[in-house]
Trainee: 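Would you mind keeping the following structure in view while I ask a few things?
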Amino acid sequence: MSTELRRARNRQMVIFLLVCAGMVVLSGRLYYWQIINGPRLAQAANAEHTQSQTVNAPRGRIYDASGLLLATNVVRDDVYIEPSQLVTDYPDTYQTERESLIQELHGVLNNLPIDKLKNAFNSSVPTVRIAVSITPDQSQKLRDLHLPYTFLEPRTWRTYPGGSLASQVIGYVQEGADGSSPKGIYGIEKMYNKQLSGTAGSFVAETDLNGNPLTVGASSEQDAVNGADVTLTINSTIQYKVQLALEERVKEMGAESGTAVVLNARTGAIVAMAGAPSFDPNSYGNYAASTGCRGQLEVYSNPALYCAYEPGSTMKAITMAAALDLHLIKPTDTIQDPGYLTFQDGTPTVSNWRNKGYGTESMTQVLEHSANVGAAWVATQKLGAKGFYPYLHQFGFGQATGVLQPEAAGMYRTPDAKDWSPSDLARQSFGQSILVTPLQVASAYQAIANDGVQMKPYLVSSIQGKEHTTVTQPQEEHKVISPEAAKTLGLMLESAANANDNTVPGYRAAVKTGTSTNQSLADTNTDASMAGFLPVSNPQFVILVKIDHPTATIYGGSAAGPTWRAIAQQLMWQYSIPPDKAS
């Protein structure tokens, strides 16, 4: 083989090897990009032209017992501007264009200061939101103007047509900062947030370079499931009257706060539940510094459930209920009441208010006089700890009702507690050394009104979802006392109402007042309350009114009584309850 031919073959071999090496490198790179990184790159490519959006579900509405809308949703526009684009398009005449646009925007959004608009247009960011949730009229005016560098973005907002009506029952919602569904805060909005929120949907579509969905591109959509509608047991007319009367009384009495509860005596349904002061959930942020319940709780908290207090003399009815049920006393049984009661076991002397003595006093008169001596005598000499404490438990004290959250359970010491003493038994009999909530007291009186059977208090009558409706049926908790004891106690409480002029024209009312004092405060710093039911012949409603630290008058009958009677009269009219008392 000639030298030239050998050289030619060597050159061919080198070229072949170089080509083979190049093929190996190319195959390696193809394997790396297509096999190893292929899925990641495909996902990234899809992400560039595929858009996925979460579709929030419309929040369920809240109604009162008669179908009146208490909470719903509205669509309102936010207003945005594009300051940096304005500068780009008008580098020489920017100031003139800006001033013209500011004047036109201010003409529609006249509550927006011109200085704030100027600052927004001086921003270097692409978009600035200058107004939130403008009115429909303002939105239409801006659309008609066709202003450049301005656009509207619709958003769904929670709104409460009744303003502060039942606000501490309903609560409010906060918008999700990340665009997520609004979340319920306090009240019904919080406790039933899952049902009201529904289920979010989604929308996935191929898009063009500007992010617009392609009509010929692939897309998929999963519909959102609307939130369920919730219907309450609240009667808005009664609720409004109760709130108005309570707010006026708190103001008239120079009090710190107040609470009122109305229950259906037969079912336990909550007809009205109010606190003063209150708030407007449409602008809840304005009340961040406001407080209720003697200034101890946020104004958003429901005081009927969360404002625990010493009930005072309204507890005497519970002491009498226990003794009547155990056949330890009769209404006509008497004691000698010199105004004080002493004990041999170290219990401090119990005295009536202002140490007033009543001489020979029947059990009915103990309630009429609101005598601490009589109640303590029944608890310590007749019931004892073994007879008294089971009834406190049966009536629901020291236990949360579960109606809403947050809720205080209240508390009282029992003989099982290390710090209990016989003094607790004596004092608890007339409402000291025990903490209760207004709803617990109202629920206890409901049991007395309902022939001794306690019903579970409830606020929600139905939840109506897309495919299923849940209806709340009245639920019997248990029989607390016998029907005979309940009826006897009702007559005793009616006598107490008549003796103290706590009556309602045309109707027989069973009532007990309470004037409780906190042991760490002055005797004039009271929680003045009244609890009871009517008509006695066929009880329909239980009412509790509590005024916290009234200053015009400190007593339950004079501070809370007028509001109790006004609410009672309104209930009789509203529900057309026939009179049961001869004129």
Trainee: Can you list the steps and then say if Thr231 with Gln464 is a side chain to side chain donor-acceptor pair (under 3.5 Å)?
Mentor: CA-CA 8 Å; Thr231 300; Gln464 184 175 359; over 6 Å; no
Trainee: Tell me whether Lys456 at atom NZ has more than 12 heavy atoms from other residues, nucleotides or ligands lying less than 6.0 Å away.
Mentor: yes
Trainee: Is there side-chain contact between Met191 and Val460, with heavy atoms separated by less than 4.5 Å?
Mentor: no
Trainee: Would Ser278 and Ser167 count as having a side-chain donor-acceptor pair, cut-off 3.5 Å?
Mentor: yes
Trainee: Is there side-chain contact between Arg158 and Ile62, with heavy atoms separated by less than 4.5 Å?
Mentor: yes
Trainee: Verify, without hydrogens or angle tests, whether Asp424 (side chain) and Arg413 (backbone) share a donor-acceptor contact under 3.5 angstrom.
Mentor: no
Trainee: If only atom types and distance count, is the side chain of Ser197 paired as donor or acceptor with the main-chain N or O of Lys194 below 3.5 Å?
Mentor: no
Trainee: Checking the side chain of Asp325 only, and the main-chain atoms of Ala485 only, is there a donor and an acceptor separated by less than 3.5 Å?
Mentor: no
Trainee: Considering all heavy atoms of both residues, which atom of Ile234 and which atom of Asp64 are nearest to each other, and what is their separation?
Mentor: O-CB, 3.3 Å
Trainee: Does atom NE2 (His393) have a neighbourhood of more than 12 heavy atoms from anything else shown, all under 6.0 Å?
Mentor: no
Trainee: Check for a donor-acceptor pair, side chain of Thr314 on one end and backbone N or O of Gly514 on the other, with a separation under 3.5 Å.
Mentor: no
Trainee: Is any side-chain N of the basic residue among Lys251 and Glu248 closer than 4.0 Å to the acidic one's carboxylate O?
Mentor: no
Trainee: Main chain of Ile543, side chain of Trp564: is a donor-acceptor contact present, judged purely on distance under 3.5 Å?
Mentor: yes
Trainee: Counting only N and O atoms by type, is there a donor-acceptor contact under 3.5 Å from the side chain of Tyr507 to the main-chain atoms of Ile577?
Mentor: yes
Trainee: Using a 3.5 Å distance criterion without hydrogens, assess whether the side chain of Lys190 forms a donor-acceptor pair with backbone atoms of Gln405.
Mentor: no
Trainee: Short question: side chain of Asn500, backbone of Ala496 - any donor-acceptor pair under 3.5 Å?
Mentor: yes
